[in-house]
Amino acid sequence: MEQKPRILTGMRPTGPLHLGHYVGALENWITLQEKYACYFLIADYQALGDYSDDIPRIRQSVIDVTLDWLAVGLNPNDHKFVIQSYIPEHAELAMLLGTLVTLPRLHRNPTLKGEMDQQKASDITVAFYTYPVSQVADILLPKAHLVPVGEDQMPHIELTREVARKFNRTYEDIFPEPKGLVGRIPRLVGIDGQAKMSKSLDNAIYLSDDKETVNQKVRRMFTDPTRLRATDPGHVENNPVFMYHDAFNTDHAQLEDLKTRYRAGRVGDVEVKNILAEHLNNFLDPIREKRHYYEKNPSLVRDALLQGTNHAKILAEETMREVRESMGIKQYV
Ligand code: ATP
Ligand code: MG
């Protein structure tokens with residue numbers, strides 16, 4: 001049987017998934033399912049790095065993230081949904097690979113630096129500080145070839161490639177050097193115009209939001225701040241409302257017409273937003289429907305997680321045997 005190349009990618013169970021996850025990552029996961037054998041990781045150990053004071057949230061989010069995955073069309077029969085903490089090999093490999101990463105190398109990671117700047121220095125845990133190394137282990141454990149992620153994750157993939165090279169050179173050549181792949185919209189802005197839609201910043205439209213919630217969120221979305229009246233000429237570029245139109249409006253003629261009228265001061269923000277909300281709701285409707293189905297069938301959610309995890313566990317044990325062997329960590333006595 002021909003072996004398909006592997007994908008490892010994942011999400012932290014820190015809340016339900018939003019539109020940014022979809023256009024930055026999930027959309028690629030869905031289409032790549034055909035050509036790759038996929039391992040979709042629920043990274044609960046990684047979530048503990050900054051959410052250890054809120055275990056109930058992590059527990060709830062394991063289910064929420066899985067429901068979202070099923071709702072957008074990830075297929076748990078052909079692919080593996082994996083719970084990180086059920087496979088201690090993740091932690092073991094992270095510890096071993098930590099010996100190949102220096103502190104100055106960790107400090108050069110711009111994503112880690114940005115996230116640390118957002119936290120109070122005295123609150124930053126060692127687990128959070130070293131999470132890029134744990135992510136390296138997550139990717140190398142199933143020997144992934146491709147890692148589809150949002151743009152903010154690319155520095156972690158670069159680190160993974162370096163660690164794989166270093167391991168292969170130092171010990172035995174066992175790891176492929178995985179490539180990263182960024183989605184159609186590498187970084188979707190928040191509804192507040194901030195650089196990234198994020199669970200932690202309270203600026204997200206969730207895949208599970210109902211119609212009225214979406215309408216309300218779109219109504220309060222940031223738009224062109226220089227425009228005071230509907231008759232003022234408006235800016236389309238860097239305008240969050242139009243960025244969302246670009247991402248989710250499937251009627252290109254309508255969108256071009258809206259942009260022309262907006263630039264000329266011939267359409268109000270309310271109309272532009274109403275049309276956007278309609279497109280978002282059309283996009284979300286089938287996802288909501290499927291999510292509802294799985295909510296009513298919790299045994300399917302459970303099976304998806306347990307089957308995928310059991311499978312991934314076997315592969316993880318295999319890789320760890322190889323790692324210990326090639327490092328010479330075996331048969332001391
Ligand atoms: P947190 O704020 O808790 O870190 P998050 O929203 O960043 O949550 P993650 O689980 O860390 O979510 O990221 C999962 C995947 O979704 C990653 O590949 C990440 O790059 C991608 N992603 C998250 N937010 C966006 C966004 N706004 N635009 C594009 N991709 C995104
Ligand atoms: Mg994140």
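For ligands, and for the atoms within them, numbers begin at 1 and follow the listed sequence.
- Counting protein heavy atoms only, atom 22 (N) of ligand 1 is closest to His21 CD2, 3.9 Å.
- Ring geometry for Phe40 versus Phe81: interplanar angle over 60°, hence perpendicular rather than tilted (30 to 60°).
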Stepwise salt bridge (charged side-chain N to carboxylate O under 4.0 Å, His left out) check, Glu271 with Arg266:
CA-CA 11 Å; Glu271 185 181 338; Arg266 284 191 288 111; over 6 Å; no
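- Atoms of ligand 1 lying under 4.0 Å from at least one heavy atom of Val149, given by number and element, are 18 (O).
- When only non-hydrogen protein atoms are considered, atom 2 (O) of ligand 1 lies nearest to Ser200 OG, 2.5 Å.
- Within the listing of ligand 1, atoms 19 (C), 20 (O) sit less than 4.0 angstrom from a heavy atom of Asp152.
- Considering only non-hydrogen atoms, atom 8 (O) of ligand 1 lies nearest to Lys199 out of Glu151, Gln153, Lys199, Met154.
- Annotation for ligand 1: atoms under 4.0 Å from non-hydrogen atoms of Gly24 are 29 (C), 30 (N).
- Atoms of ligand 1 lying under 4.0 Å from at least one heavy atom of Pro186, given by number and element, are 29 (C), 30 (N).
- Closest approach of Ile7 to Ala144, counting heavy atoms only: C-CB, 4.2 Å.
- For Met197, a nitrogen or oxygen atom sits less than 3.5 Å from a nitrogen or oxygen atom of ligand 1, counting backbone and side chain alike.
- Of the candidates Lys199, Lys120, Arg12, Arg57, Arg12 is the only one forming a salt bridge (charged side-chain N to carboxylate O under 4.0 Å, His left out) with Asp50.
- Annotation: atom 10 (O) of ligand 1 to nearest protein heavy atom, Arg12 N, 3.0 Å.
- Set against the non-hydrogen atoms of Thr14, the atoms of ligand 1 under 4.0 Å away are 3 (O).
- Between Arg227 and Asp269 the shortest side-chain heavy-atom distance falls below 4.5 Å.
- In terms of protein heavy atoms, atom 28 (N) of ligand 1 is closest to Leu188 N, 2.9 Å.
- Note on ring orientation: taking the six-membered ring where Trp is involved, the planes of His18 and His21 are parallel (angle under 30°, cut-offs 30° and 60°).
- Heavy-atom proximity to Arg187, at under 4.0 Å, picks out these atoms of ligand 1: 28 (N), 29 (C).
- Among all protein heavy atoms, the one lying closest to atom 31 (C) of ligand 1 is Gly20 O, 3.6 Å.
- Given atom 14 (C) of ligand 1, the protein heavy atom at minimum distance is Met11 SD, 3.5 Å.
- Gln33 contributes a side-chain N or O that, together with a main-chain N or O of Gly73, makes up a donor-acceptor pair within less than 3.5 Å.
- With hydrogens and angles ignored, the 3.5 Å screen pairs a side-chain donor or acceptor of Thr102 with a backbone N or O of Arg105.
- Judged purely by distance below 3.5 Å, without hydrogens or angles, the side chains of Ser134 and His90 never pair a donor atom with an acceptor atom.
- Distances below 4.0 Å separate heavy atoms of His18 from the following atoms of ligand 1: 6 (O), 24 (N).
- Proximity to Lys196 (heavy-atom distance under 4.0 Å) selects the following atoms of ligand 1: 5 (P), 7 (O), 23 (C), 24 (N), 25 (C), 27 (N).
- Shown here are the salt bridge (charged side-chain N to carboxylate O under 4.0 Å, His left out) partners of Asp209, two or more places apart in sequence or in another chain: Lys217.
- Protein heavy atom closest to atom 18 (O) of ligand 1, with residue, atom name and distance, is Gly150 N, 3.0 Å.
- Counting only distance, with no hydrogens or angles, the side chain of His245 and the backbone of Val272 share a donor-acceptor pair below 3.5 Å.
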